[in-house]
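Quick note: residue numbers are just sequence positions, from 1.
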Amino acid sequence: MAIDRIDVVAFAGLVLLAAASRALEVLLVAAALGGFLLSLSVWRLYGGRPWEALGWLSWVGAAVTIVLDPGGLTFLVAFGGFGLVGGCLLAGGRLGLFPDVWSVEESPIEE
């Protein structure tokens, strides 16, 4: 569970977006956050970590929920659900709790 380059980029980007939220409109920051999280998801998928990619992609759903703003209980359930699923996928993928679905083992075919 070592920190790699993408983790550093994610942390720096999230800090930058948090700082930008003080000066920019909420919808603009939420849309930028969604795009940033989508790029992190693609980087993780390309890097061979599909569970973490799904976790980041789930957090894209949370950012989209902020932009769409369905209101009331729907917002809380959607935002909380996406956030919880994303966090569980990120933690489970990082801790090795999910099966390795990315690598393929070459085994001889028995006849």
Side-chain angles (χ1 to χ4, degrees):
M1 194 165 104
I3 294 177
D4 60 359
R5 179 180 58 91
I6 295 175
D7 293 331
V8 173
V9 168
F11 181 74
L14 292 175
V15 167
L16 180 69
L17 283 169
S21 69
R22 304 290 289 164
L24 299 175
E25 189 175 334
V26 173
L27 292 179
L28 180 65
V29 173
L33 177 65
F36 179 67
L37 294 174
L38 184 60
S39 70
L40 288 174
S41 177
V42 170
W43 285 351
R44 280 298 179 203
L45 187 62
Y46 183 72
R49 295 183 177 179
W51 296 111
E52 289 183 42
L54 287 173
W56 287 113
L57 193 60
S58 180
W59 283 0
V60 169
V64 168
T65 303
I66 293 172
V67 172
L68 294 179
D69 191 23
L73 186 61
T74 305
F75 173 79
L76 291 175
V77 170
F79 183 78
F82 280 126
L84 182 65
V85 168
C88 290
L89 285 168
L90 282 169
R94 195 47 80 93
L95 296 173
L97 299 176
F98 298 126
D100 183 16
V101 295
W102 196 254
S103 44
V104 177
E105 290 184 15
E106 295 286 333
S107 60
I109 300 173
E110 295 181 22
E111 293 183 26

Q.
Could you measure the distance from the CZ atom of Phe82 to the CG atom of Leu57? Nearest 0.5 Å is fine.
A. 9.0 Å
Q | Spacing of Arg49 atom CZ and Phe98 atom CZ [to the nearest 0.5 Å] | A | 14.5 Å
**Q.** Distance in Å, Cys88 SG paired with Leu54 CG, rounded so as to fall on 0.5 Å steps
**A.** 13.0 Å
(Q) What's the separation between atom CG in Asp7 and atom CG in Leu90, rounded to the nearest 0.5 Å? (A) 9.5 Å
Q: Check Ala32 against Leu17 and note the closest heavy-atom contact, atom names and distance.
A: CB-CD2, 3.8 Å
Q. What heavy-atom pair brings Ala53 and Ser41 nearest, and what distance separates the two atoms?
A. O-OG, 2.8 Å
Q: Calculate, to the nearest 0.5 Å, the distance between atoms CG and CZ belonging to Asp69 and Phe75 respectively.
A: 6.5 Å
Q | Side-chain heavy atoms of Leu89 within contact of Trp56, under 4.5 Å | A | no
Q. Is the closest side-chain heavy-atom distance between Leu40 and Trp59 below 4.5 Å?
A. no
Q) Can you find a pair of side-chain heavy atoms, one from Leu33 and one from Leu14, that are under 4.5 Å apart? A) yes
Q. Nearest heavy-atom pair of Gly83 and Ala62: which atoms, and what distance?
A. N-CB, 4.4 Å
Q) Is Val60 reachable from Ile6 through a run of I, L, V, M, F, W or Y residues, each pair having side-chain heavy atoms under 4.5 Å apart? A) yes
Q: Looking only at non-hydrogen atoms, find the nearest pair between Ala78 and Thr65 and report the distance.
A: CB-CG2, 3.8 Å
